[in-house]
Amino acid sequence: MTAAGSDARLAGKVALVAGAGASATGWSIGKASCVTLAQQGAAIVALDANLAAAQDAAHEVEQAGGSALPVQADVADPEAMQAAVDTALRRYGRIDILQANAGIGKVGGPEDISLEDWDRIQQVNVTSLLIATRLLVPVMRQQGGGAIVTVSSIAGIRYTGYPHLAYSVSKAAVIHFARMAAQQYAADGIRVNTVIPGLIDTPRVAQNVARMFDPDDLQAALAARDRQVPMGRMGTPWEVARAVAFLASDDASYITGTELVVDGGLTGKYA
């Protein structure tokens, strides 16, 4: 698969993509975002908890003609994130964009999810935003501004048909965190917005969706998921990545504290 056409609206910028890798062969939102941001001129810090996944994302950026630095770090570990930011600053001297893309989940309602799983999901999906913001806002402020783009989910704004409590609550928190941070840092020239993807065809979805629809026929399971969407198909990682790139760019210079829903009309659907 190829990404969108290139332009230079992010020329001279450095983007740290947290959750840059893919969980399996194929294109994740993070990996597609790395390539899309690079095609628009940004140098990429591809950060992932899995070094091989970070290296794979960086390789794709370089194959597309961009500059990338793979970095391994657990986004919920303050010391690891400090070391990652320090490494990025030594390499590029600045960080203009944060895409907070890392996220995990586990199916289960209030009586099913363990406290251990609940805590870990909140740490990776929400506490990581606090850690990254505290590290990068001073850098962006000193540079005269920056852009933070968080990645939530339609699960953060509606019930999606099955119990996914810890993930859904965390993704709702991501949206509100971004709204609050946007207000606090607007005067510093730091914009904070959220992309809310709907049903997106990623390697993680391919691994998990069959268990929800048809464990014996992946194509039938994916087709069932397509039929849930008014546009008749799941979205692609590239469609989310282009939304991220827009909000990170100066084309969105007067946009902060809001959400861009990329869902093929799903959240407006009655049933």
Side-chain angles (χ1 to χ4, degrees), residues 16-24 28-30 47-54 71-85 98-137 148-182 184 192 194-200 202-213 215 221 225 228 240 259 263 266-267:
L16 191 158
V17 179
S23 60
S28 65
I29 291 171
L47 185 149
D48 201 274
N50 184 305
L51 180 58
V71 179
Q72 181 180 22
D74 178 346
V75 293
D77 182 336
E79 292 183 1
M81 286 299 293
Q82 178 71 72
V85 169
L98 166 66
Q99 182 194 352
N101 181 69
I104 59 173
K106 188 170 184 178
V107 174
E111 296 175 276
D112 308 308
I113 193 78
S114 71
L115 289 178
E116 292 79 11
D117 286 336
W118 173 277
D119 288 344
R120 179 60 180 166
I121 290 166
Q122 306 311 313
Q123 288 165 5
V124 171
N125 297 5
V126 185
T127 305
S128 63
L129 280 176
L130 176 64
I131 293 168
T133 299
R134 290 172 69 155
L135 288 171
L136 291 179
V137 160
I148 298 172
V149 183
T150 69
V151 179
S152 182
S153 165
I154 60 168
I157 58 176
R158 61 165 289 177
Y159 186 67
T160 55
Y162 60 98
H164 213 188
L165 181 70
Y167 178 81
S168 299
V169 169
S170 74
K171 288 303 186 179
V174 166
I175 294 168
H176 206 57
F177 183 101
R179 290 174 178 173
M180 298 298 98
Q184 184 163 353
V192 190
T194 301
V195 172
I196 302 180
L199 304 183
I200 308 300
T202 67
R204 186 181 297 277
V205 165
Q207 290 176 333
N208 296 335
V209 71
R211 293 198 295 269
M212 294 162 46
F213 291 98
R225 194 169 168 91
Q228 292 181 290
V240 181
E259 299 82 46
D263 75 342
L266 183 56
T267 52

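Numbering of residues begins at 1 and proceeds along the displayed sequence. Nothing here was measured: the structure is a model prediction, and the numbers come from that model. Both backbone and side-chain heavy atoms feed into the values below; hydrogens, waters and symmetry mates do not.
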Inset, instruction - First locate atom CE of M180, then atom CD1 of I175, and finally report the distance between them rounded to the nearest 0.5 Å. - result: 12.0 Å
Legend entry - CG on L16 to CD1 on I148, rounded to 0.5 Å: 11.0 Å
Inset, instruction - Check T160 against A155 and note the closest heavy-atom contact, atom names and distance. - result: CG2-CA, 3.7 Å
Legend entry - Which residues share a side-chain contact (heavy atoms from CB on, under 4.5 Å) with A178, sequence neighbours left out: T150, V192, T194
Inset, instruction - Taking all non-hydrogen atoms of both residues into account, name the closest pair between A73 and L47 and its distance. - result: O-CD2, 3.7 Å
Legend entry - Qualifying salt bridge (charged side-chain N to carboxylate O under 4.0 Å, His left out) pairs, either residue in residues 149-158, two or more places apart: none
Inset, instruction - Could you tell me whether a side-chain N or O of N101 sits under 3.5 Å from a main-chain N or O of V151, the two making a donor and an acceptor? - result: no
Legend entry - Any Q99 side-chain heavy atom under 4.5 Å of V195 side chain: no
Legend entry - Interatomic spacing from NE2 in H164 to CG in D112 - rounded to 0.5 Å: 12.0 Å
Inset, instruction - Look up atom CD in Q184 and atom OG1 in T133, then write down how far apart they are to the nearest 0.5 Å. - result: 10.0 Å
Legend entry - Residue pair V126 / A173: nearest heavy atoms and the distance that separates them: CG2-CB, 3.8 Å
Inset, instruction - Measure the spacing between CG of N125 and CZ of F177 and express it to the nearest 0.5 Å. - result: 13.0 Å
Inset, instruction - Using side chain to side chain donor-acceptor pair (under 3.5 Å) as the criterion, list what pairs up with E259, not counting sequence neighbours. - result: R179
Legend entry - Under the side-chain contact (heavy atoms from CB on, under 4.5 Å) test, residues paired with D48 that sit two or more places apart: N50, A53, A54
Legend entry - For the student: nearest non-hydrogen atoms of G103 and K171, plus distance: CA-NZ, 4.5 Å
Legend entry - Listed partners of Q82 passing side-chain contact (heavy atoms from CB on, under 4.5 Å), at least two apart: D86, L135
Legend entry - Check: S152 side chain, I196 main-chain N or O, donor-acceptor pair, under 3.5 Å: no
Legend entry - Nearest atoms (heavy-atom pairs only) where G109 meets P163: N-CB, 3.8 Å
Inset, instruction - Could you grab the distance from atom CG of L199 to atom CG of L266, nearest 0.5 Å is fine? - result: 5.0 Å
Legend entry - R134: which of V137, L130, I131, L136 passes side-chain contact (heavy atoms from CB on, under 4.5 Å): L130
Inset, instruction - Can you see which heavy atom on D263 is nearest to which on G198, and at what distance? - result: CB-CA, 3.8 Å
Legend entry - salt bridge (charged side-chain N to carboxylate O under 4.0 Å, His left out): pairs with one or both residues in residues 114-131, sequence neighbours excluded: D74-R120, K106-D117
